Every structure is written in C-alpha cells, then in structure tokens.
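Remember, it's a predicted structure, so these values are computed and weren't measured experimentally. Reckoned from all heavy atoms, side chains included, excluding hydrogens, waters and symmetry mates.
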Amino acid sequence: MITKENILASAKKTILSESEAIAKLTEYLDENFIEATRSIYNSKGRLVVTGIGKSAIIAQKMVATFNSTGTPSLFLHASEAIHGDLGMIQNEDIIICISKSGNSPEIKVLVPLLKRFGNTLIAITGNMTSFLAKGSDFVLNTTVNAEACPNNLAPTNSTTAQLVMGDAIAVCLMEMRDFKPEDFAVYHPGGALGKKLLLRVKDMLEHTLKPMVTPDASIKKVIFEISEKRLGVTAVVDQNKVIGIITDGDIRRMLNDRDSFTDLTAKDIMTKNPKLIASTAMVADALNILEDFSITQLVVVDNGEYKGVLHLHDILKEGIV
C-alpha cells in the first residue's frame with residue numbers, strides 16, 4: 001500500500017544511502033588522487049572527460065564545473081570516441097575516464113586507443129581490478145556497497161560518488177590556483193555572481209532618463225520632471241553640480257503639510273547632501289549603500305559632474321540580489 005509515510009521513508013532511505021556512499025569516499029583518497037590532481041594542475045593541455053551511459057552524463061557535469069572554475073575541459077562520449085571523435089584529443093591533454101564497472105565493451109576498446117596517444121589517463125571507477133583501472137596512470141576509487149535502487153540496478157549511489165569525486169578534484173584545483181570569486185565571474189558573467197562582481201554603475205545608467213531641475217524650478221516643473229523620467233526622483237542641479245534631490249515622497253509630504261505650493265521652488269523642498277556614487281563603482285557596492293541607508297535611489301556623479309540616477313528597482317531586475 002502506498003502511503004505518505006512510505007514515500008517519505010523511501011526518500012529518506014535513498015538520501016541516507018547516498019550520503020553514506022559519499023562519506024565512504026574519504027577513505028579511498030590516496031596518493032593516486034594527489035598525483036592525478038597535480039597532473040591536471042601542471043598540464044599545459046586541456047582536461048578531457050569521457051564515459052558511457054549514466055557516467056557520460058556525470059562527465060558532462062564535471063566538464064561544466066571544471067570550465068567554470070578555471071580548468072579548460074571538454075566532454076568526449078566514449079562510444080563516439082571510437083567512431084572519429086578521438087581527433088579532438090591533443091598531445092598534452094589529460095583524460096579522465098568514468099565507469100562504474102570499468103569493463104564495458106566501449107571502455108575496453110577506448111582505453112588502449114587513449115594509451116596509444118601517450119596521454120595521462122585517470123580512471124574514476126568502482127572496480128579497482130577492472131580493465132580501466134589496470135590500464136590507467138591513476139585510479140580514483142568510487143566503489144559503493146550497493147545502489148540506492150531497491151533492485152540494486154539503477155545507477156544512484158555510484159553516479160553520485162562519481163560526481164562528488166569530480167567536485168573534489170575541481171575544488172582542489174581552485175584552491176591550488178587561488179581561484180577567487182572574481183575569477184569565477186570572468187567565466188560566468190551571465191549569472192547572479194558574475195553580475196554582482198562585474199557590473200558597474202555606468203553599465204546600468206539610462207542616459208536618456210536623467211532627471212534634473214534648477215534650484216528655482218517651480219513645484220509643477222519638479223512634478224513634471226519626476227513623472228516624465230519615471231525614476232521617482234529628480235536631482236536639483238546648479239551649474240552642473242548636484243546640490244540636492246527631490247523624491248516623489250518629498251512631493252507627497254509637501255502636499256500633506258501645505259494647502260498651497262505656488263510660492264515654493266525646488267530648493268525649498270529638496271533634500272540636501274544626497275547619497276552619491278561614481279559611475280565606475282560596482283553595482284554591488286551601490287546596493288550596499290541603498291540597503292544601509294534604506295533608500296531606493298543613488299545620484300551618480302563623476303568628478304562633480306551629474307551623470308544620472310541609479311534606482312534599486314533596476315538592480316533588482318538584473319537579478320543581483
């Protein structure tokens with residue numbers, strides 16, 4: 001009978017089984033792991049990762065991780081390799097071959113071909129006496145006692161172990177290279193982290209929307225400028241120098257406090273000494289200022305010259321937060 005309790009019990013059993021398989025990997029780390037990682041670090045070529053079946057999918061994930069963390073990598077499908085794709089391997093490339101059994105027909109054909117080229121071959125396998133293990137320069141052990149699958153058939157624990165071993169290599173290489181968030185952003189500029197580390201204020205300024213009024217501008221002019229530029233604020237500029245700002249909140253407060261505003265001008269209701277930021281500043285720094293002072297706009301000024309307004313909503317649209 002399928003019950004909620006049974007479903008949760010099965011899920012918990014699977015997660016615990018996989019976590020135990022991963023924890024076991026720490027016992028398998030040895031000189032092979034050290035030398036394999038050093039070989040990749042010292043290589044002048046690329047890292048080629050290959051596999052068959054589910055291991056091929058893990059290989060693709062590894063390649064994605066390596067590439068985004070500073071190790072140039074490419075994926076080679078084991079079955080396609082023996083039908084022409086071996087041509088993508090260059091002399092100084094290092095190869096990682098992933099296979100649980102290490103004895104599949106494709107692997108038995110591929111390994112001698114790889115060794116013929118003289119490339120360093122690293123095996124990630126759960127069978128330390130396999131054809132792959134015996135034919136490799138370094139062997140990384142990902143043996144699991146059983147799969148999480150109730151029939152001990154579907155690759156679960158074994159593929160998770162492979163993936164974690166690949167992550168362990170990638171993280172070691174990052175630390176060896178002193179790979180910083182800024183470096184990650186270079187390889188991953190489109191993500192939230194990339195934008196946070198690369199995007200500057202000037203990249204977000206809409207120069208056609210540069211709200212500004214003179215100190216003696218009428219309140220009607222101020223309201224019109226705020227409405228037209230759609231940023232909820234206008235700078236008050238005197239001889240190209242920002243002397244204050246007026247927000248739509250300032251307008252509302254003025255209307256609440258006064259019955260008439262015909263005698264008022266921009267300088268009468270502006271906020272003096274607004275928060276400023278340079279256009280070369282990082283957007284992440286601008287966001288910190290907005291949060292620290294609980295405001296939604298920053299006036300952008302370079303060498304005293306008014307450049308525009310950066311709005312919190314624009315930062316949020318970029319997905320930086």
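- In this structure a side-chain-to-backbone donor-acceptor pair under 3.5 Å is present from T125 to K100.
- Among I277, V242, L276, the single residue meeting the side-chain contact (heavy atoms from CB on, under 4.5 Å) criterion with V300 is I277.
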Evaluation steps, side-chain contact (heavy atoms from CB on, under 4.5 Å), between H77 and H83: CA-CA 10 Å; H77 197 284; H83 291 286; over 6 Å; no
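- Tracing side-chain contacts under 4.5 Å through hydrophobic residues (I, L, V, M, F, W, Y), one never reaches L132 starting from L47; they form parts of separate clusters.
- A salt bridge does not link R200 to D203: none of the charged side-chain nitrogens sits closer than 4.0 Å to a carboxylate oxygen.
- Ion pairing of D137 with K115 is present here, as a side-chain N (NZ or NE/NH1/NH2) and a carboxylate O approach within less than 4.0 Å.
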T265 vs S218, side-chain contact (heavy atoms from CB on, under 4.5 Å): CA-CA, chis, key distance, verdict: CA-CA 5 Å; T265 60; S218 66; over 6 Å; no
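- Judged purely by atom type and a 3.5 angstrom limit, N119 uses its side chain to pair as donor or acceptor with the backbone of Q90.
- The cationic atom of K275 (NZ for Lys, CZ for Arg) lies less than 6.0 Å from the six-membered ring centre of F293 and within 45° of the ring axis.
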Residues S101, N103; criterion side chain to side chain donor-acceptor pair (under 3.5 Å); working and verdict: CA-CA 5 Å; S101 71; N103 286 321; 5.3 Å; no
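- The two residues A170 and T69 make their nearest non-hydrogen contact at CB-OG1, 4.4 Å.
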Working for side chain to side chain donor-acceptor pair (under 3.5 Å), residues S17 and N157: CA-CA 7 Å; S17 179; N157 289 358; 2.8 Å; yes
Verdict with supporting geometry, T142 and Q162, side chain to side chain donor-acceptor pair (under 3.5 Å): CA-CA 6 Å; T142 53; Q162 293 168 355; 5.0 Å; no
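- Although no hydrogens or angles enter the test, the distance criterion places no donor-acceptor pair under 3.5 Å between the side chain of N151 and the main chain of L153.
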